[in-house]
Enquirer: 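Would you mind keeping the following structure in view while I ask a few things?
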Amino acid sequence: HLPFVPIHELPFGLTLHMVMMLIAATFLVVMFCMLYKKNARVPSGVTNLLEVLVVLVRDEIAIPNIGEKDGRRLTPLLCTFFFFILTLNVMGLIPLFSTATANKDVTFALAMITFATMVFGAIIVNGPVGFFKAFIPHGVPAPILVILVPIEFVGIFIKAGALMIRLFANMLAGHIVLFSFIGMAVAFGAIVAPFPLAMATCIYMLEILVAFLQAYIFTMLTAMFIGQLWHPSH
């Protein structure tokens with residue numbers, strides 16, 4: 001919880017995870033609008049780090065999965081996913097903060113943005129007829145299409161659900177394991193405490209890696225799912 005502020009007393013109907021998201025959004029605005037030096041001849045420090053990560057998202061995630069033109073167009077969205085999720089994940093490892101991405105409602109909202117981009121973006125790019133043609137694979141016999149087309153259509157919802165559950169479950173599971181070891185140290189006392197505390201430290205180090213990995217995976221899968229629906233022929 002926030003220090004000395006009970007959740008039920010937060011103003012404007014805010015929840016703890018809403019506050020985390022507001023802090024993360026503010027942090028990213030400060031990073032990109034104030035600390036990032038766009039016109040620097042030789043990028044260094046924060047500018048260099050941000051440019052490396054943006055180029056990673058653009059060249060290794062967006063363009064390979066969505067194509068040159070659409071990949072560049074969607075790079076801002078994918079960068080927003082990557083940096084926002086990464087910030088929320090890392091904040092969850094800081095004492096007195098909470099992990100918003102371990103809340104299924106937060107990951108549901110993120111997955112719905114992906115779902116909307118997949119569906120409405122595909123309709124805009126390919127037209128309504130082209131959108132529905134994407135569910136009909138070429139060269140498949142008609143009797144099989146009766147089964148395959150509904151599966152392909154339901155697959156859109158499954159993909160969005162997988163994004164939501166994967167991020168939520170991974171972040172929640174890591175924290176449960178971490179708290180379990182800390183709880184063992186408290187429950188069994190000083191004699192047994194060194195072993196669970198050592199394990200908790202190892203899990204904490206692993207969670208730092210997971211924070212980056214889950215942001216990358218969510219962004220990568222989002223690009224893959226969008227690319228599959230926008231360009232089904234590829």
Side-chain angles (χ1 to χ4, degrees), residues 1-35 50 53 57 74 76-120 156-187 200 203-223 225-226:
H1 303 329
L2 291 175
F4 311 113
V5 182
I7 291 179
H8 64 276
E9 294 183 7
L10 291 176
F12 309 113
L14 293 174
T15 66
L16 181 60
H17 289 152
M18 288 181 184
V19 174
M20 295 299 105
M21 289 189 287
L22 289 174
I23 294 173
T26 303
F27 172 77
L28 291 175
V29 168
V30 171
M31 288 282 286
F32 280 94
C33 296
M34 298 181 182
L35 300 181
L50 293 178
L53 293 175
V57 173
L74 288 182
L77 173 65
L78 297 176
C79 282
T80 301
F81 274 136
F82 178 78
F83 285 103
F84 189 60
I85 293 172
L86 176 60
T87 303
L88 291 176
N89 290 350
V90 173
M91 284 174 57
L93 299 175
I94 302 173
L96 302 181
F97 283 82
S98 180
T99 310
T101 45
N103 184 329
K104 64 182 183 302
D105 295 329
V106 173
T107 58
F108 173 80
L110 294 172
M112 284 302 99
I113 296 174
T114 297
F115 178 82
T117 306
M118 289 167 57
V119 174
F120 296 110
I156 301 177
F157 300 91
I158 294 174
K159 290 172 181 176
L163 281 177
M164 177 192 76
I165 295 172
R166 178 186 293 273
L167 180 57
F168 152 71
N170 276 280
M171 299 312 300
L172 180 62
H175 285 64
I176 290 175
V177 174
L178 181 61
F179 291 142
S180 297
F181 282 116
I182 295 175
M184 288 174 59
V186 174
I203 295 296
Y204 186 86
M205 295 297 105
L206 181 62
E207 281 288 282
I208 297 175
L209 174 62
V210 170
F212 285 85
L213 186 61
Q214 289 305 316
Y216 179 85
I217 291 175
F218 188 98
T219 309
M220 173 65 79
L221 291 177
T222 293
F225 295 158
I226 292 172

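Please read these numbers as outputs of a predicted model, since none were measured by experiment.
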Enquirer: Taking only residues two or more places apart in sequence, or in another chain, which ones meet Phe212 in a ring-ring contact (aromatic ring centres under 6.0 Å, His included)?
Expert: none
Enquirer: In chain order, what residues pass the side-chain contact (heavy atoms from CB on, under 4.5 Å) check against Met164, with sequence neighbours excluded?
Expert: Thr107, Phe108, Ala111
Enquirer: Restricting to side chain to side chain donor-acceptor pair (under 3.5 Å), what partner residues turn up for Glu207, sequence neighbours left out?
Expert: His175
Enquirer: In Å, rounded to the nearest 0.5 Å, how long is the span from SG of Cys79 to CG of Leu50?
Expert: 10.0 Å
Enquirer: Assign the ring pair Phe157 / Phe115 to parallel, tilted or perpendicular, where the plane angle (0 to 90°) is split at 30° and 60°.
Expert: tilted
Enquirer: Is there side-chain contact between Leu221 and Thr114, with at least one heavy-atom pair below 4.5 Å?
Expert: no
Enquirer: Do Met171 and Val210 have side chains that get closer than 4.5 Å, going by heavy atoms?
Expert: yes
Enquirer: Mind checking what makes side-chain contact (heavy atoms from CB on, under 4.5 Å) contact with Ala100, not counting sequence neighbours?
Expert: His17, Met20, Met21, Leu88, Val106
Enquirer: How far does CD1 of Ile165 sit from CZ of Phe168, to the nearest 0.5 angstrom?
Expert: 8.5 Å
Enquirer: Of the non-hydrogen atoms in Thr99 and Gly92, which two are nearest, and what is the gap between them?
Expert: OG1-CA, 3.0 Å
Enquirer: Tell me, which pairs form a side-chain hydrogen bond (donor to acceptor under 3.5 Å, both in side chains) where one or both residues lie in residues 83-96, sequence neighbours left out?
Expert: Asn89-Thr101
Enquirer: Report yes if some heavy atom in the side chain of Leu110 is under 4.5 Å from a heavy atom in the side chain of Phe218; otherwise report no.
Expert: yes
Enquirer: Could you measure the distance from the CD1 atom of Ile208 to the CD1 atom of Ile203? Nearest 0.5 Å is fine.
Expert: 12.0 Å
Enquirer: Checking Phe82 now: which residues fulfil side-chain contact (heavy atoms from CB on, under 4.5 Å) with it, not counting sequence neighbours?
Expert: Leu53, Val57, Leu86, Ala215, Tyr216, Thr219
Enquirer: If you measure from CZ on Phe32 to OG1 on Thr80, what distance do you get to the nearest 0.5 Å?
Expert: 8.5 Å
Enquirer: Rounded to the nearest 0.5 Å, how far apart are CD1 of Ile176 and CG of Leu172?
Expert: 4.0 Å
Enquirer: Taking atom OG1 of Thr222 and atom CD1 of Ile85, what is their separation to the nearest 0.5 Å?
Expert: 7.0 Å
Enquirer: Quick one: ring-ring contact (aromatic ring centres under 6.0 Å, His included) partners of Phe225, sequence neighbours excluded?
Expert: none
Enquirer: Stepwise, does the side-chain contact (heavy atoms from CB on, under 4.5 Å) test hold for Leu213 with Asn170?
Expert: CA-CA 10 Å; Leu213 186 61; Asn170 276 280; over 6 Å; no
Enquirer: Quick one: side-chain contact (heavy atoms from CB on, under 4.5 Å) partners of Phe120, sequence neighbours excluded?
Expert: Ala116
